[in-house]
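Okay, structure first, notes after.
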Amino acid sequence: MWADTLFIVLISVCAALFGEGLTWLLVYRTEQYKRLKADVERQCKKIEKKKEVGELSGLRQKKKLERDEDRLKTANRDLSMVKMKSMIVVGVSFTLILSMFNTIFDGRVVAHLPFTPISWLQSLSHRNLLGDDYTQCSFIFLYILCTMSIRQNIQKLLGFAPSRAASKHSTSIFGPQPNSVQVSPYK
């Protein structure tokens, strides 16, 4: 079981390195990506500087800040579109890797969890395993957890993760919306 667990972690590391290599090949080395990333960084610093200085006293300054935030949103959207083709290719390759190794580890206990997962995760953590011991872990659960955590760390290690300023201002369906200045014509 330990050998299976370590092998799955190794698979996750190799898959993450493969994915980042593919992303570098398709996205990170292109001039368009470099230009857009620099633009996003510049816009983030500009907005942060305006917010720190407190140049928001008048309606004109607020509208300038709003325009800058709109430019940042546009640059982030363009950057996401550039990354889209790479995300599709990496997603397909991760799915192929997942399905290939899922057939190899089908029905095998690869780890024991130190807890019993909540009910809606049990179908994933105990997938294709016999018995009612829900602390037993299947391949797919361990692989997904390892891939999610290892890929993020490899991105940070290789310098491909977005900067804190850029991720603070980016819009995401999972994260909070960036602080935007609301300008009311009635004040």
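Keep in mind it's a predicted model, so treat the numbers as computed, not measured.
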Considering residues at least two apart in sequence or located in another chain, which fulfil the side-chain contact (heavy atoms from CB on, under 4.5 Å) criterion with Met84?
-> Met87, Ile88

Only one of Lys45, Lys46, Lys73, Arg42 passes salt bridge (charged side-chain N to carboxylate O under 4.0 Å, His left out) with Asp68; say which it is.
-> Lys46

Residues in side-chain hydrogen bond (donor to acceptor under 3.5 Å, both in side chains) contact with Gln136, at least two apart in sequence or another chain | none

In short, side-chain hydrogen bond (donor to acceptor under 3.5 Å, both in side chains) pairs touching residues 1-11 with sequence neighbours left out are Asp4-Arg108

Taking only distance into account, with no hydrogens and no angle test, what donor-acceptor pairs under 3.5 Å do side-chain atoms of residues 7-25 form with protein atoms, sequence neighbours excluded?
residue, atom, partner, partner atom, Å
Ser12, OG, Ile8, O, 3.1
Ser12, OG, Thr147, OG1, 3.4
Glu20, OE2, Arg151, NE, 3.1
Glu20, OE2, Arg151, NH2, 3.0
Glu20, OE2, Gln155, NE2, 3.0
Thr23, OG1, Gly19, O, 2.8
Thr23, OG1, Ser86, OG, 3.1

Those residues that, when tested against Thr116, pass side-chain contact (heavy atoms from CB on, under 4.5 Å) (two or more places apart) | Gln122, Tyr134, Thr135

So the side-chain hydrogen bond (donor to acceptor under 3.5 Å, both in side chains) pairs with at least one residue in residues 26-35 (sequence neighbours excluded) are none

The remaining residues in the hydrophobic cluster of Leu130, counting side-chain heavy-atom contacts under 4.5 Å among Ile, Leu, Val, Met, Phe, Trp and Tyr, are none

Residue list, side-chain contact (heavy atoms from CB on, under 4.5 Å) with Ser138, at least two apart or on another chain = Arg127, Leu129, Ile140, Phe141

Looking at residues at least two apart in the chain, or sitting in another chain, which of them share a side-chain contact (heavy atoms from CB on, under 4.5 Å) with Leu157?
-> none

With sequence neighbours excluded, give me every side-chain hydrogen bond (donor to acceptor under 3.5 Å, both in side chains) pair touching residues 89-101.
-> none

Could I get the full list of side-chain hydrogen bond (donor to acceptor under 3.5 Å, both in side chains) partners for Arg77, not counting sequence neighbours?
-> none

By side-chain hydrogen bond (donor to acceptor under 3.5 Å, both in side chains), which residues pair with Asn128, not counting sequence neighbours?
-> Asp106

